[in-house]
Amino acid sequence: MLFSNSAIAQLNHHGRSNLVSIFAPDYREEPYWWMAAPPSGEDVTASVPGPVKADVAIVGGGITGLTAALFLARGGADVIVVDSGEIGGGAARMNAGFLGRTLKRSIGWLDKHVGSEYAVRVYRELDEALKGIESLVNSEQIECHRRTCGRLISANSEPHLRHLIKDMEEMKHRLGFDYEVVSKSDLHSELASDCYFGGVVVPDLGSIHPGLYHSGLLKRGKEAGVRFLERAAVLTIDSNGGRKSVRTERGEISATQVIVATNGYTPRNLKWFARRLVPFRGFITATEILPSELIDKVLPKRRTYLDTKMGIDFIRSAPDSERILFGGLTGRLNSTSTSLVPALYRRMTRIMPDLEGVKISRSWTGFCAGTFDFMPHMGIHDGIHYALGYNFAGVPLGTHFGRKLASRILGKGGGSSAFDIEKFPTLPLFNGTGLVAPLAMQYFNLHDRWITKGK
Ligand SMILES: Cc1cc2nc3c(=O)[nH]c(=O)nc-3n(C[C@H](O)[C@H](O)[C@H](O)COP(=O)(O)OP(=O)(O)OC[C@H]3O[C@@H](n4cnc5c(N)ncnc54)[C@H](O)[C@@H]3O)c2cc1C
């Protein structure tokens with residue numbers, strides 16, 4: 001949607017006239033990534049006639065769904081991917097494109113609560129997922145600007161920095177993951193900000209253009225013979241003898257196996273799954289095209305950037321034009337991102353004062369999914385395969401789990417996972433919506449403050 005003059009006038013009318021100038025003339029509430037990879041820009045089969053039979057029906061055409069579909073089709077299965085919207089209309093083409101080994105649980109926490117052997121398994125698998133996306137992009141020749149750019153994690157306080165370095169040291173010692181400490185006085189060589197107390201660079205983490213990545217997966221899936229059914233929300237999934245019946249808004253699909261890959265968009269009617277996922281909105285803005293010297297000053301090494309709060313602010317440059325992307329305020333209930341652009345802008349310019357005066361050209365919001373144990377999950381429930389709950393890090397893990405689910409269904413080896421945990425917790429009376437996300441953000445903020453006070 002173009003942000004029209006009347007909408008600007010409306011903002012004006014509500015007393016934000018001083019902020020109106022932050023919007024570029026071409027401002028739209030739409031993911032920046034859609035400029036290169038709009039969800040409807042593909043020649044997706046928009047309808048499948050009559051009752052459909054398939055070996056595997058995949059609910060959700062995001063990263064998980066399309067990766068599973070590609071590997072299943074390559075393995076000889078007849079696959080149909082069903083999406084309630086356009087293929088690529090979910091978080092797959094809305095995320096920030098950070099590639100990491102991100103998990104809300106630190107290795108130290110896992111050690112203490114679940115055991116050191118399991119902790120190492122988890123982080124090894126996260127590393128496998130990170131490397132897996134690189135090898136997939138290379139082997140499938142997907143042009144999506146994947147780059148090992150390194151990540152700067154900036155500390156919001158001195159105790160945060162100590163905590164961060166301890167964590168990094170632990171991972172280096174036990175898993176060989178490298179990192180470099182950046183002192184407060186050296187921070188400007190990485191990020192033109194005085195807000196932080198130093199940080200660490202993790203050199204082997206990367207970035208991607210998520211729109212082009214997802215559209216590349218879609219292209220390869222189509223070439224492999226995957227069928228797609230768009231705008232056909234799945235209403236129910238029933239076991240019918242050996243086969244499963246997937247009832248959609250546009251007819252029924254009969255399949256031997258079903259995968260649920262709906263993550264933050266999981267509807268309440270898929271009750272068992274929805275009860276285990278807390279949908280969170282994430283918000284991102286993209287600036288207008290900037291002078292490259294300005295970006296080189298602010299983000300000299302063009303890495304990805306985030307901080308040590310649980311409610312992170314995150315920054316990167318666009319890989320295909322001279323813009324800066326800034327995200328934050330995760331978990332806010334606002335259903336549009338435009339209403340949060342002024343707040344995001346204030347945060348962005350507080351962190352990077354050199355950006356004062358630049359204009360915002362795009363903003364958007366999408367859903368990710370948290371879980372009650374802060375762990376992503378894959379597994380099988382009532383005969384239905386699933387991979388869900390990425391806690392904001394589903395680009396590598398969605399790819400990884402999609403591949404693993406395909407291996408399982410094809411009966412190949414390599415389908416086991418540290419994230420196939422028997423217990424996938426929920427809360428009494430929780431139905432997948434409501435105030436859990438904002439309450440959880442309150443908890444995260446308290447947690448941030450607790451770490452800040454330090455031990
Ligand atoms: C703003 C934002 C920034 C993020 N940044 C990063 C990042 O930098 N790095 C990272 O690793 N992760 C990031 N994430 C998370 C990442 O995007 C997700 O974890 C990932 O997209 C999950 O992939 P998926 O395929 O499981 O789900 P999605 O990509 O969300 O796809 C789910 C699909 O299911 C469909 N669906 C829902 N209900 C139904 C139904 N009833 N019937 C049929 N289809 C249905 C939806 O339409 C959607 O297309 C971010 C997320 C957001 C929102």
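As the structure lists them, so they are numbered: ligands from 1, and atoms in each ligand from 1.
- The shortest N or O to N or O distance between T266 and ligand 1 is not under 3.5 Å.
- When only non-hydrogen protein atoms are considered, atom 25 (O) of ligand 1 lies nearest to I63 N, 2.7 Å.
- The atoms of ligand 1 that sit less than 4.0 Å from any heavy atom of F367 are 53 (C).
- Of the polar atoms of A96, at least one N or O is found under 3.5 Å from an N or O of ligand 1, judged by distance alone.
- Looking at ligand 1, you'll find an N or O of D83 within less than 3.5 Å of one of its N or O atoms.
- Residue, atom and distance of the protein heavy atom nearest to atom 11 (O) of ligand 1 are V395 N, 2.9 Å.
- Rounding to the nearest 0.5 Å places OG1 of T102 at 7.0 Å from CG of L205.
- For R247 and E252, the salt-bridge test fails: no basic side-chain N is under 4.0 Å from an acidic carboxylate O.
- For atom 16 (C) of ligand 1, the nearest non-hydrogen atom from the set G328, G60, P39, G394 comes from G394.
- Nearest-residue assignment for atom 29 (O) of ligand 1 (options G88, A92, G89; heavy-atom criterion): A92.
- When T64, L99, V234 are ranked by how near their heavy atoms come to atom 42 (N) of ligand 1, first place goes to V234.
- In terms of N/O distances under 3.5 Å, ligand 1 is not approached by P396.
- A salt bridge is defined here as a Lys NZ or Arg NE, NH1 or NH2 lying under 4.0 Å from an Asp or Glu carboxylate O, and D373 with R105 fails to meet this definition.
- In this structure, the protein non-hydrogen atom closest to atom 44 (N) of ligand 1 is S84 N, 3.0 Å.
- Between F98 and ligand 1, at least one N/O pair is under 3.5 Å apart.
- Taking NZ of K172 as the start and CG of D167 as the end, the distance is 14.5 Å to the nearest 0.5 Å.
- A salt bridge is defined here as a Lys NZ or Arg NE, NH1 or NH2 lying under 4.0 Å from an Asp or Glu carboxylate O, and E190 with K301 meets this definition.
- Closest non-hydrogen pair, L405 versus G379, comes out as CD2-O, 4.5 Å.
- Using a cut-off of 4.0 Å between Lys/Arg side-chain N and Asp/Glu carboxylate O, R408 and D420 are scored as salt-bridged.
- A pairwise comparison of heavy atoms in R174 and A119 identifies NH2-CB, 4.4 Å as the closest pair.
- Close placement of the F424 and H377 rings is indicated, their centers lying within 6.0 Å of each other.
- Atoms of ligand 1 found under 4.0 Å from any heavy atom of G366, numbered from 1 in the order shown, are 53 (C).
- With a heavy-atom cut-off of 4.0 Å, F314 does not touch ligand 1 at all.
- Looking only at heavy atoms of the protein, atom 13 (C) of ligand 1 is closest to F392 O, 3.4 Å.
- Residue-level proximity to ligand 1 for Y390 is carried by the side chain, the only part with a heavy atom below 4.0 angstrom.
- Residue, atom and distance of the protein heavy atom nearest to atom 27 (O) of ligand 1 are N263 CB, 3.6 Å.
- Residues M94 and I284 share a closest heavy-atom pair of O-CD1, 3.6 Å.
- Geometric assessment of R275 against the ring of W272 yields a negative cation-pi assignment under the 6.0 Å and 45° thresholds.
- Residue A261 touches ligand 1 through its backbone alone, judged by heavy-atom distances below 4.0 Å.
- Within the listing of ligand 1, atoms 43 (C), 44 (N) sit less than 4.0 angstrom from a heavy atom of V82.
- If you look at L270 next to ligand 1, there are no close heavy atoms at all, none under 4.0 Å.
- Considering only non-hydrogen atoms, atom 1 (C) of ligand 1 lies nearest to G282 out of G282, P376, A232, G398.
- Centroid-to-centroid, the aromatic rings of F314 and F326 stay 6.0 Å apart or farther.
- Looking at T102, T330, N95, T248 and measuring to atom 6 (C) of ligand 1, the nearest heavy atom belongs to N95.
- Distances between N or O atoms of G97 and those of ligand 1 include at least one value under 3.5 Å.
- Under a 4.0 Å heavy-atom criterion, A393 is in contact with ligand 1.
- Every N/O-N/O distance between A233 and ligand 1 stays at or above 3.5 Å.
- Of the protein's non-hydrogen atoms, the one nearest atom 31 (O) of ligand 1 is G62 CA, 3.5 Å.
- Distance CZ/F367 to CG/N95: 15.0 Å, rounded to 0.5 Å.
- For the pair D238 and R243, the salt-bridge criterion is not met [side-chain N within less than 4.0 Å of a carboxylate O].
- When every heavy atom of N263 is checked against every heavy atom of G389, the shortest pair comes out as OD1-N, 2.8 Å.
- Across L212 and A37, no two heavy atoms sit closer than the pair N-CB, 3.9 Å.
- Comment: R302 engages E322 in a salt bridge, judged by a side-chain N to carboxylate O separation of less than 4.0 angstrom.
- Close contacts between ligand 1 and P267 involve ligand atoms 38 (N), 41 (N) [criterion: under 4.0 Å to a heavy atom].
- Here is the list of ligand 1 atoms found below 4.0 Å of a heavy atom in V59: 42 (N), 43 (C).
- Set against the non-hydrogen atoms of Y265, the atoms of ligand 1 under 4.0 Å away are 30 (O), 37 (C), 38 (N), 46 (C).
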